[in-house]
Structure formats: C-alpha cells, structure tokens
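See below for the structure under consideration.
Lettering of chains follows the sequences in order, A, B, ..., and the numbering in each one begins at 1. Nothing here was measured: the structure is a model prediction, and the numbers come from that model. Because only heavy atoms are used, hydrogens play no part in the values below, and waters and symmetry mates are left out as well, while side chains stay in.
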Amino acid sequence: MSDHEPAASTVAAVRPLERIAALWRRIDPIDFFFRSLQARIGAKRMAWAFLVPNLLIFGTFAFWPMILNFWMAFTGGTSTIIAERPFVGLDNFREILDCPSWLDPRGCPVVGYSFWTGLWNTLFFAAVQVPAMILVATATALVLDRDMKGRGFWRAVYFYPVMLSPVVVAVIWDWILKRRGILNALLGDVVERWNGFVAYPAAAAGLIFVVAFVVALLVVRPIAARFGASPAAARGGAIAAALVLATIAAFATRPWGFLVLADFRPVNWLVDQRSGWPMFWAIFVYSWAHLGFYMLILLAGLQAIPRDLYEAAEMDGTSKTRQLFRITLPLLTPTMIVVVVLSLIRAFQVFDEIWVLTGGGPGQATKMIVQHIYETAFTGDAKRYGVAAASSVLVAGLLLVLTLLQLFVSRRRAQG
Amino acid sequence: MITATDLTTFLTRRRGRALHWTDVVAHLYLAFGLALVVLPVVWMLVSSVKSQRALVENDPRLLPWEQVTVLGSEGRQLSVFTLVRDDGTRLEVAFLAPRGRNALVVPVAEVGDATRAFEAPRDRLVRKETVAPQIGNYTKPLFGTGDTDRFPFMRFFWNSTFVTTMATLLTLLVNSMAAFALSKYRFRGRDAIVVIIVSTLLIPPTVILVPLFITVQGLGLFNELWGVIIPAIASPTGVFLLRQYMLTIPDELLEAARMDAASEWKIYWRIILPLAAPALAVLAILSVIWRWNDFMWPLIVLTKSEVYTLQLGLSTFKGEIADNLDHLLAMTVLTLLPVTLVFVFLQKHITAGIANTGLK
C-alpha cells in the first residue's frame with residue numbers, strides 16, 4: 001500500500017464511496033431481509049422465496065395474458081379496462097369469418113379482407129421461405145463441415161446477420177433496393193459492359209468457345225472415360241468436341257445478336273405491385289437475416305455425426321455422393337426436423353423486418369397475419385382489441401398444431 | 001525463381017491432401033456467400049460518410065468523392081473544374097454559370113475578380129473531386145448541431161442503453177435465483193414448475209400481444225421504459241440454461257457453507273453466482289442482443305418519441321424522411337455498432353451458446 005500511495009485528491013473522492021460500501025457490507029440489508037425470512041419460514045422453504053420473482057413475472061406477463069386473450073376475443077368496444085368491455089359472444093369470429101370466399105379476400109368486408117389477405121400471404125411466405133432457406137442453410141453447413149481452413153471465420157461471417165436488428169436489416173436493404181439504389185446501378189452496369197463486350201466478334205467467339213469447352217469437358221470426358229478411353233485420350237476428345245461445337249455455334253449465330261441483352265431499366269423493387277418483386281425481396285431479406293442461425297444448428301448436427309462412419313465407408317470404397325445420401329442426410333434428419341419446425345413457427349410470426357421494409361405494401365402484397373393483428377389493435381382510430389384477440393386465437397390454433405408436431409417429433413426422437 | 005509447379009504446390013498444399021475440384025467449388029460458394037453477407041453492410045458503412053448529394057445521386061463509387069468547391073465573390077459556393085486546353089495545359093477554374101454548350105468560368109486563383117471570367121467549352125471541363133468523408137453525418141445528430149429535433153439520437157441511445165442494461169441485470173438476477181431454487185433444493189412440485197417455466201417457450205409472443213398490452217397498461221407502464229423491461233426479464237431460456245449449469249455444481253459446497261451458518265441468500269450470492277459465471281456470461285450476451293434489437297414489443301408499448309428506443313427511432317426516421325439519407329445511414333451504423341462489437345469479441349461464446357441451447 002505504501003508503495004503505491006494514490007494522490008490525495010483521489011483518496012478524498014474515493015473515501016466516501018468506500019465508507020458507504022463498508023457500511024453496506026456490515027449491515028447488508030438484502031442478506032438481513034433474507035435471513036429474517038429464513039428464520040421465519042425455515043431453510044427448506046427458501047426455495048420458494050427464490051422462485052417468487054420469476055413466477056410472478058411469468059404469471060403476469062405470460063400465463064395471465066394467455067387466459068385474458070380468450071376472454072378478450074369474446075368482448076367488443078374500444079376500452080382497455082377489462083371490466084368495461086361488453087361481452088359480444090362469437091361476433092368477433094363471425095366478423096373475421098364472414099366472407100363470400102376465403103380464398104379470394106378481395107370480396108370480403110374490411111376485417112375479413114385484412115385477415116385473409118394476411119393469412120394467405122403468410123402461408124405463401126412460409127411455404128417458399130422455409131424450404132428455400134433450409135436448402136441454402138444445409139448446403140452452407142455441408143460446405144463448412146468439410147475439413148477446411150478458417151472454418152470459424154466462415155461460420156462467424158454467415159452468422160453475423162443474425163446479430164443485426166430487424167430495423168437495421170430493413171434499412172440496409174431498403175437502401176440497396178431503392179429505384180436509384182446500388183442494385184439497379186450494378187445491374188445496369190453489368191448489362192452495359194456485357195453488351196459492350198459481345199459487340200466485339202472476337203470476344204463473342206472466345207466466349208462461345210469457352211462455354212463449348214466447359215460443356216464438352218463436363219459431357220464428353222465422363223462418357224469417354226466410361227467407354228474405357230485413357231484420360232489423355234478423353235481430354236483430347238473433349239477439346240476436339242469443343243472445337244467442333246464452337247465452330248458450329250459460331251457459324252449458326254454469326255450476327256452475335258442473340259448475345260446482346262436488352263437495355264436494363266431500373267426496377268422499383270419494393271414498389272412495383274404487379275411484378276411480385278416485393279414478396280421476393282421480403283423472402284430474400286428475411287432469409288438473409290436468419291439463415292446463419294439455422295446453419296449453425298445444422299452444422300452442430302453435422303459435427304455430431306461420428307467420423308468413423310465415414311472412415312468405414314471410405315474403406316468400402318463408397319463414393320462421396322453415396323456417403324452424403326446414405327450417412328450424412330439420414331443422420332441429420334433429427335436436427336433437420338427441429339430446424340424445419342422452428343423456422344416454420346418463426347415464419348408464421350414474421351413481422352419486424354417486413355413491416356419496416358415494405359410496411360406490408362405495395363397495396364397488401366406483403367401484409368402478414370401479425371401485421372393484421374398489430375394494425376387492428378394498435379393503429380388507426382378504432383382500436384379493435386376484440387377482433388385482434390380473436391385473430392390471435394385463430395393464429396394460435398395454427399401455431400399449436402405446429403408446436404405439437406414439434407413436441408411429437410422430438411419425443412419420438414428422444415425415444416428412438 | 002518460382003516455377004509454376006512450385007506455385008501450384010504452394011496453393012494446393014492443404015493438410016497433406018491434394019486439391020480436389022470440390023474444394024474449388026466450395027470456396028467459390030463461400031466467397032459468394034461472403035460477398036452477399038458482407039457487401040450490403042460494407043456498402044452501408046462507406047455510404048454513411050457520403051454527402052447528401054452523393055447519396056441522392058447514388059454515386060456508385062466506393063469512396064466518398066466530393067466536389068471541390070471554392071467561395072465565390074457573392075458568398076456562393078462554386079464548383080471547381082479542371083479545364084484542359086488545346087495545348088494540353090491544365091487550369092483550375094470555378095464554374096459560374098452555363099452558357100449554352102459553353103460555361104462561364106473564372107480561374108480559381110482570381111475567383112473574386114469578375115473581369116477575369118471567360119467562356120470555355122463544357123466538354124473540356126473535368127469535375128474536380130477529392131475523397132472527403134463527411135464526419136458531420138455522425139457528429140451533427142450525436143452532438144446536437146443541426147437537425148436534431150427530428151432525430152434526437154442521444155436520447156434514443158440513452159433509452160436503449162437503459163432498457164438493455166436494466167433488463168439484462170434483472171434477467172440475470174431473477175433467472176439465476178429461480179435456477180438456484182430449481183437446481184439446489186428438493187421440494188414438492190419442483191419438476192412441475194420446471195415444466196411450466198419451459199412451457200412458456202411455447203407461447204408465441206405475437207399471439208398474446210393484445211392482452212399483454214392491456215396488462216401493461218393496467219399496471220400503468222404504458223409509455224414507460226419499465227413497460228418494455230419488466231415483461232421480458234423472466235426468460236425460460238435463461239432459467240433452462242442456468243439450471244443446467246448449476247446442476248453441475250457439487251452440493252457438498254453448499255453443505256459446507258451451511259455448516260458455517262451461512263444464510264441461503266449468502267450461499268446463492270457468494271457461492272452459486274460466482275461459480276455459475278460462465279453460464280451467466282452467455283445469458284448476459286444473449287440478453288444484451290435481444291434487448292438492444294427488440295422491436296415489436298417497444299413498438300406497442302412506447303408511442304411517445306421521448307421514450308423511443310434506437311430501433312423505434314430509426315424505423316420512424318426511415319419512414320418519415322426520405323431526403324435525410326445521410327443521417328439515416330450514419331445512425332444505422334451507430335445502431336449496429338454495439339452488437340457488432342459484442343459479436344467480434346465474443347463470437348465464440350455466442351455461437352457456442354446458441355448451438356448448445358438451440359435458442360435465439
């Protein structure tokens with residue numbers, strides 16, 4: 001202590017704090033409270049004292065709202081005081097379901113239109129987004145499961161978007177997808193350069209030759225090898241075939257005109273209603289933001305597969321493709337099921353990213369079911385809590401089916 | 001001298017295994033993915049220091065090139081061009097006014113002297129630009145110079161920080177207490193409570209929005225930061241994660257402490273918490289990320305801009321002001337910065353924690 005005597009001013013500043021801390025340590029009010037509680041109820045029952053805060057919060061903010069939701073679904077009016085809400089029976093459900101055709105919400109009254117549009121959009125979204133994302137996530141996990149350098153780095157890179165908030169993700173992509181954004185600029189640039197490139201006959205001919213060569217290599221060589229040709233002969237055959245193909249192609253398409261692309265006109269990616277692009281980008285951006293999470297889980301599943309299975313297969317001379325379909329994918333199935341169900345449940349509840357990105361638009365093109373609930377209850381002049389709660393009950397039914405499916409599957413997995 | 005063979009050997013030297021064509025495909029695939037993940041974020045970063053003009057014109061160059069200007073005689077900012085004369089000499093001129101296919105310019109050195117102005121063909125003028133990062137995009141909203149009424153960044157930042165810190169501290173406290181009770185005591189109904197707590201994972205948050213809002217409003221927490229903090233602090237993930245870890249702490253330690261007449265609270269505070277530090281760290285990281293990025297629940301509870309979190313402020317800002325891109329991008333970068341830093345330094349813990357629990 002004497003070696004490192006702090007400056008006098010520091011001591012003066014620290015001392016009151018130290019005194020308070022020392023006093024606190026001596027009395028320790030929290031310990032005092034718990035000690036007297038313990039003296040009253042005994043050490044055994046202290047478990048409940050530790051549980052109370054947690055259970056209180058779960059009760060108030062998880063279980064009670066769940067029960068309240070059912071009650072609210074049968075009440076009307078705009079009051080937020082439960083006692084003041086009139087009981088209306090099944091009216092809210094009737095209003096949602098009252099529609100000439102659920103498949104064509106355009107003919108429905110306001111509430112039905114909003115609900116059914118949101119539902120069908122969500123179903124479409126989930127049906128496309130889940131398989132597409134899982135396909136890419138599996139492919140990425142398989143690539144990263146290889147014995148490769150810097151696996152940790154790649155894993156971190158793909159996981160990074162999961163860290164970003166939905167708002168940040170939406171702002172970034174909105175900025176890229178603007179009409180005068182970088183994507184349109186890039187695409188326009190690429191088309192322009194391509195057209196400039198193929199304007200030179202030599203360049204076009206070279207391109208055709210390269211394409212023909214690759215095709216020939218991929219097609220002719222395996223065929224030649226199959227018929228017992230030596231590797232050198234096969235390669236020679238491939239080159240000859242490429243030359244023939246390229247010559248034919250060059251003569252058949254002398255004006256090169258087919259290579260010239262139409263001028264690129266900037267697309268209003270998120271605004272053009274008839275094109276279907278808004279839904280595409282909603283799916284793309286959502287998958288971009290969440291892919292890393294599922295990739296990580298799949299990668300963990302892949303790395304749990306015992307390596308000696310592959311070694312045994314290698315000994316037996318099993319091909320890599322066969323190993324993939326006979327070892328990797330079957331043993332990955334349990335993880336895959338978890339991932340499918342989890343991503344389905346999440347996809348049904350999609351809201352944040354898309355709401356910030358497109359606001360449900362253009363028109364109603366990307367309006368999801370949760371947005372319907374949110375808007376019915378919290379935006380606009382008429383806050384229709386009852387209708388929103390009734391919609392929630394219907395969505396909860398759907399989610400319940402999915403959740404039970406997950407429980408059923410994971411139990412079967414635990415037993416098997 | 002390096003021969004081609006050496007180079008090939010060097011490039012293909014991979015843990016004693018020959019380079020297979022699938023390796024090439026795999027790396028191409030990974031590089032494509034890298035571009036897809038990183039480029040949007042990088043593009044946002046480099047764009048955030050560009051001027052409003054460059055953003056509106058959608059300058060596709062990576063660096064923040066800005067027009068060089070010079071102060072004219074009437075206090076006007078004049079754009080500087082380089083005039084390339086017929087004999088190849090160059091002269092820096094300030095652009096005064098268009099004159100059909102020509103332009104009225106004045107040499108930069110004599111910009112105050114109107115008599116030195118002359119006409120030059122426009123196609124001989126080359127725009128003079130320099131790389132000038134617009135730090136003002138960040139400092140103006142941060143330090144309150146300029147248009148801060150529309151985006152009081154520091155207030156939003158403070159709100160977000162308050163919510164994140166408080167919620168994380170309380171999450172750690174409340175859930176570790178529950179986990180302690182559920183792992184170190186034997187009492188009737190313990191397993192039932194574990195099941196009940198874990199089953200709250202199955203309640204989809206989007207489905208109880210309305211009643212949760214009614215409850216929070218009934219408690220007087222509407223438009224209060226505590227209305228965002230409290231409902232989320234009891235976390236089934238947290239209880240599960242901490243309990244699994246605490247089960248591995250030997251009971252003998254607790255017995256020894258009880259012999260020394262330590263109270264149950266002291267046991268929890270002095271023995272269990274320090275020993276469970278690794279699990280607490282994982283939960284703390286997850287909680288910080290959850291709360292910082294939280295959007296939907298704050299959107300419902302907080303409707304006054306004084307209590308907006310960063311995420312709410314940013315989404316409102318995006319919707320309202322299309323022509324204030326420079327500030328929007330800079331603020332987006334500042335919003336993603338904390339989680340990015342957390343991720344860069346704690347990446348291993350985060351990915352391991354998520355892979356182990358399977359929960360986000």
Derivation and outcome, side chain to side chain contact (heavy atoms under 4.5 Å, CB included), residues L51(A) and M177(B): CA-CA 7 Å; L51(A) 269 173; M177(B) 278 166 70; over 6 Å; no

Once rounded to the nearest 0.5 Å, what's the spacing between atom [atom1] of [X] and atom [atom2] of [Y]?
X       : Y       : atom1 : atom2 : result
F343(B) : F159(A) : CZ    : CZ    : 6.0 Å
M163(A) : Q347(B) : CE    : CD    : 9.5 Å
D352(A) : L299(B) : CG    : CG    : 8.5 Å
T200(B) : M66(A)  : OG1   : CE    : 9.5 Å
L209(B) : N69(A)  : CG    : CG    : 9.0 Å
I57(A)  : I233(B) : CD1   : CD1   : 3.5 Å

Considering only heavy atoms, which portion of [X] lies under 4.5 Å from any heavy atom of chain A: side chain, backbone, both, or neither?
X       : result
L182(B) : side chain
L170(B) : neither
I289(B) : side chain
V239(B) : side chain
Y29(B)  : both
Q217(B) : side chain
R188(B) : backbone

Segment of [X] engaging chain B (4.5 angstrom heavy-atom cut-off):
X       : value
K320(A) : neither
D174(A) : side chain
L144(A) : side chain
L357(A) : backbone
V169(A) : neither
W355(A) : side chain
A156(A) : both
F351(A) : side chain
V143(A) : side chain
R155(A) : side chain
L399(A) : side chain
A39(A)  : neither
S391(A) : neither
I81(A)  : neither

Counterpart residues, side chain to side chain contact (heavy atoms under 4.5 Å, CB included), relative to L34(B) (two or more places apart): F153(A), W154(A), V157(A), V38(B)

May I ask you to test the [X]-[Y] pair for a side-chain heavy-atom distance under 4.5 Å?
X       : Y       : answer
K266(B) : D31(A)  : yes
T335(B) : V167(A) : no
M296(B) : V370(A) : yes
T340(B) : Y160(A) : yes
F213(B) : P65(A)  : no
I300(B) : Y374(A) : yes
F284(A) : L36(B)  : yes
V37(B)  : P161(A) : yes

Ring-ring centroid check F33(A) W265(B), cutoff 6.0 Å: no

What orientation do W43(B) and W175(A) show, parallel under 30°, tilted 30 to 60°, or perpendicular over 60°? parallel

Mind running side chain to side chain contact (heavy atoms under 4.5 Å, CB included) on F295(B) and V168(A) for me, showing each step along the way? CA-CA 11 Å; F295(B) 177 67; V168(A) 168; over 6 Å; no

Scan side-chain atoms only and decide if Q38(A) and S263(B) contain a donor-acceptor pair under the 3.5 Å cut-off. no

Heavy-atom pairs under 4.5 Å with chain A are the metric here; pick the option from [options] that has the most.
options                            : value
M44(B), E264(B), Q311(B)           : E264(B)
L312(B), I196(B), D294(B), V344(B) : I196(B)
A179(B), P205(B), P236(B)          : P236(B)
I197(B), V333(B), V25(B), V339(B)  : I197(B)
V342(B), T303(B), V216(B), N175(B) : N175(B)

Is it true that, when you exclude F70(A) itself, more than 12 heavy atoms of the residues, nucleotides or ligands shown sit nearer than 6.0 Å to its CZ?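 Counting other residues, nucleotides and ligands, CZ of F70(A) stays at 12 neighbours or fewer.
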
Should we count CZ of R270(B) as having more than 12 external heavy atoms under 6.0 Å?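 Atom CZ in R270(B) is not crowded, with 12 or fewer foreign heavy atoms closer than 6.0 Å.
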
Starting from the C-alpha separation in whole Å, work towards a yes-or-no answer on side chain to side chain contact (heavy atoms under 4.5 Å, CB included) for T206(B) and I369(A). CA-CA 10 Å; T206(B) 49; I369(A) 190 71; over 6 Å; no

Output the option from [options] having the highest count of non-hydrogen pairs under 4.5 Å with chain B.
options                            : value
V356(A), I182(A), L291(A)          : I182(A)
G301(A), G181(A), G292(A)          : G181(A)
A377(A), A185(A), A396(A), G359(A) : A396(A)
L164(A), T60(A), I176(A), I67(A)   : L164(A)
I373(A), I345(A), I30(A)           : I30(A)

Quick one: closest heavy-atom pair of A261(B) and R35(A), and the distance?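 Looking at all heavy atoms of both residues, the closest pair is O-NH1, 4.0 Å.
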
Would you name the heavy atoms of Y158(A) and G33(B) that are closest together and state the gap between them?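 Result for this residue pair: OH-CA, 3.2 Å.
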
